[in-house]
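Notes follow the structure.
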Amino acid sequence: MKKRILLAVACYLLLMPLSLAFAEVETEESATLHIQGCMDQTIYESFAGEHPNSSVEFSYQILSPDEIVQSLVIGDQTADLYAAFADHTFTAIVNKGYVAELNSSTILSTDIQAMYPNIQRAITNQSGNPVAYPYQLLLGHWQVNEALWQTVFGGVALPQTYGQFMDAMVLWESLYADEFPEINFSGNFDHAYWVRKIVNAYAQQYGQSNSPLTLNSPDLRSVLVKLEQARDIRKQHGRNIHFLGNGEFIPKTDIFITAGYNNVLLDPIEPSSQASINTEDLAQDGMYIDMPALVFTDGEQPQISGKMLVWFVNPFSQHKELAIQYLEHAARMKNNPRTYYATHPDANTPLINDGYEQSVEEMEKRRDELKKSLSNAEGIERSDMMELLTEVETWLSNQEKNKWMISENAIAQYRSFAPSISFYENNPYITPDGSMMLKQLESLYQRYANGLTSLDGFLKELDEKMCILYLEGK
């Protein structure tokens, strides 16, 4: 598989009305296409191979929301293609007319019509015309080391709500943290990090474009109170309550992994039935399984949180036709198969990894060479060879797993929830990376975590900022 380099840009929510006329399309025998924020080697090579007289320049700088909006407001033509996440901020850009429609391309129009409805909603305008093409789709997920959970908490059921999760955290800090010093509940503890994560989850669960969001609610408050309890217990036991820096934090085996987003169409991991306190065993691949998203009230439908990075064409570009042709190469399944499968419900034929058969031959040859060399090896050299041989034989014993880029099981699991993935394109309370409001919220989270404001003061100021987001979204 070719290496993909992902750099994403986000867009600002407040947009000025469009007052500049779109640039006229120029057709040139030799043109330079400028792409801002995202590069894919396979797509580029496909395009370059069929457009030898055109060149492509990529800018890897991550633009702030202010920068990308400022460029569009003044009709800047520097970038022909932008990359952005298809969220509420992108919807605001689309609604203000700062993207070029793609319906001049039959290839793109037909392709997008075959995508999941939730994907289409995120990349079409109010007239139903396509305005962007997906580059990568990611899923928000938490994972749990189920064997480790059972070792520590016994027969207690895994948490399903944020309240239950915080109850487990409090129990861990008060009873189990000292008993199991080689284990972390969930990474490097930081009060502000958990406040941000919980507030974001609440905004994702309840935020709607047509109604104000009140965060000073009993459900959110109770979770934050429990988080304060966990923080206070850590402080009483001399444990950190803010991120430890490099050289201070000692990585351990985590019960929960709660950070970030992951790729789609990965093989599902089977739960482990064997509990062990051997941390080396517990850290092995396959011990961590995905867990359903937590909710705030029993019985609620959990959100399936997604992020979709898309390309859109600058409406002021002098090379709109060429930019659209570049997206037509992005729409070829062979150029970006994982995203194609993730967005197209009818793509269901399992895909074999490129060069798989050659890899098997090379591994078998390497195995035979190592076995032959072992007869004359001694000491450390023999030990190293034995270790290499074990790795090679393990790879060969997992040929079926290594064979597939996208397996039948991965496709079946993904199809079961793909239509329900939410990109929050109509949720004004999801603040994009780099935005001014996010910086203000981060400052608020940190002030609260540092004890500079009470929980009451925090929730009051948080509601004020959410009100601003609601009014701006209208």
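Because only heavy atoms are used, hydrogens play no part in the values below, and waters and symmetry mates are left out as well, while side chains stay in. All residue numbers in this chain count up from 1 along the given sequence.
- By the 30° and 60° cut-offs, the orientation of the rings of Y429 relative to Y470 is parallel.
- Using cut-offs of 30° and 60° for the angle between ring planes, the Y202 and Y206 rings count as tilted.
- Between A410 and S407 the shortest heavy-atom distance is N-OG, 3.1 Å.
- Within the 3.5 Å criterion, the main-chain N or O of N314 finds no donor-acceptor partner in the side chain of D80.
- The salt bridge (charged side-chain N to carboxylate O under 4.0 Å, His left out) search around K460 returns E464, not counting sequence neighbours.
- Using a distance-only test at 3.5 Å, with no hydrogens or angles considered, a donor-acceptor pair links the side chain of N118 to the main chain of I421.
- When Q164, Q150, E146 are each tested for a side chain to side chain contact (heavy atoms under 4.5 Å, CB included) with L158, only one passes: E146.
- Residues passing the salt bridge (charged side-chain N to carboxylate O under 4.0 Å, His left out) test with E173 are R234, R239, sequence neighbours excluded.
- Applying the ring pair (Phe, Tyr, Trp, His ring centres under 6.0 Å) test between Y135 and each of Y326, W311, F85, F312 identifies W311 as the sole match.
- If you take OG on S59 and OH on Y82, they are separated by 9.5 Å, rounding to the nearest 0.5 Å.
- Checked against a 6.0 Å centroid threshold, the rings of Y162 and W194 do not count as neighbours.
- For the pair V131 and N125, the tightest heavy-atom approach, listed with the atom from each and the gap, is CG1-ND2, 3.8 Å.
- Environment of OH in Y193: crowded, with over 12 heavy atoms of neighbouring residues, nucleotides or ligands closer than 6.0 Å.
- Q446 approaches A192 most closely through the heavy-atom pair OE1-CB, 3.6 Å.
- Listed for the N335 side chain is no donor-acceptor partner under 3.5 Å among the backbone atoms of A331.
- Looking at residues two or more places apart in sequence or on another chain, you find a ring-ring contact (aromatic ring centres under 6.0 Å, His included) between Y340 and H344.
- Classified by interplanar angle (parallel below 30°, tilted 30° to 60°, perpendicular above 60°), the ring pair F256/F185 is tilted.
- Evaluation of the salt bridge (Lys or Arg N to Asp or Glu O under 4.0 Å) test over residues 157-169, restricted to residues two or more places apart or in two chains, returns D167-K226.
- Under the side chain to side chain contact (heavy atoms under 4.5 Å, CB included) rule, M466 has a single partner from L471, T431, L441, N216, which is L441.
- Under the side chain to side chain donor-acceptor pair (under 3.5 Å) criterion, E408 pairs with no residue, sequence neighbours left out.
- For H141, the side-chain contact (heavy atoms from CB on, under 4.5 Å) criterion is met by Q143, N262, D290, not counting sequence neighbours.
- Between the CG atom of L137 and the OH atom of Y116 there is a distance of 10.5 Å, given to the nearest 0.5 Å.
- Separation of the Y445 and H191 ring centroids does not fall under the 6.0 Å cut-off.
- In terms of heavy-atom proximity, M333 sits nearest to L351 at SD-CD1, 4.1 Å.
- Taking CG of D76 as the reference point, atom OG of S317 lies at 10.5 Å (rounded to 0.5 Å).
- Between F153 and W149, the ring-plane angle classifies as parallel under the 30° and 60° cut-offs.
- Within 6.0 Å of CD on E300 lie more than 12 heavy atoms contributed by other residues, nucleotides or ligands.
- Between Y356 and I352 the shortest heavy-atom distance is CB-CG2, 3.8 Å.
- Salt-bridge check for R221 with D456: passed, with a basic side-chain N closer than 4.0 Å to an acidic carboxylate O.
- Side-chain contact between I35 and M39 is absent, with no heavy-atom pair separated by less than 4.5 Å.
- Classification of the F47-H329 ring pair by plane angle, with boundaries at 30° and 60°, yields perpendicular.
- Contact check for Q440 versus K465: side-chain heavy atoms found under the 4.5 Å cut-off.
- Of all heavy-atom pairs between A122 and A86, the closest is O-CB, 3.8 Å.
- Using a distance-only test at 3.5 Å, with no hydrogens or angles considered, a donor-acceptor pair links the side chain of R338 to the main chain of L265.
- For S174 (side chain) and V170 (main-chain N/O), a donor-acceptor pair under 3.5 Å exists by modelled atom type.
- Under the 3.5 Å distance criterion, the side-chain polar atoms of Q399 are left unmatched by any main-chain donor or acceptor of W395.
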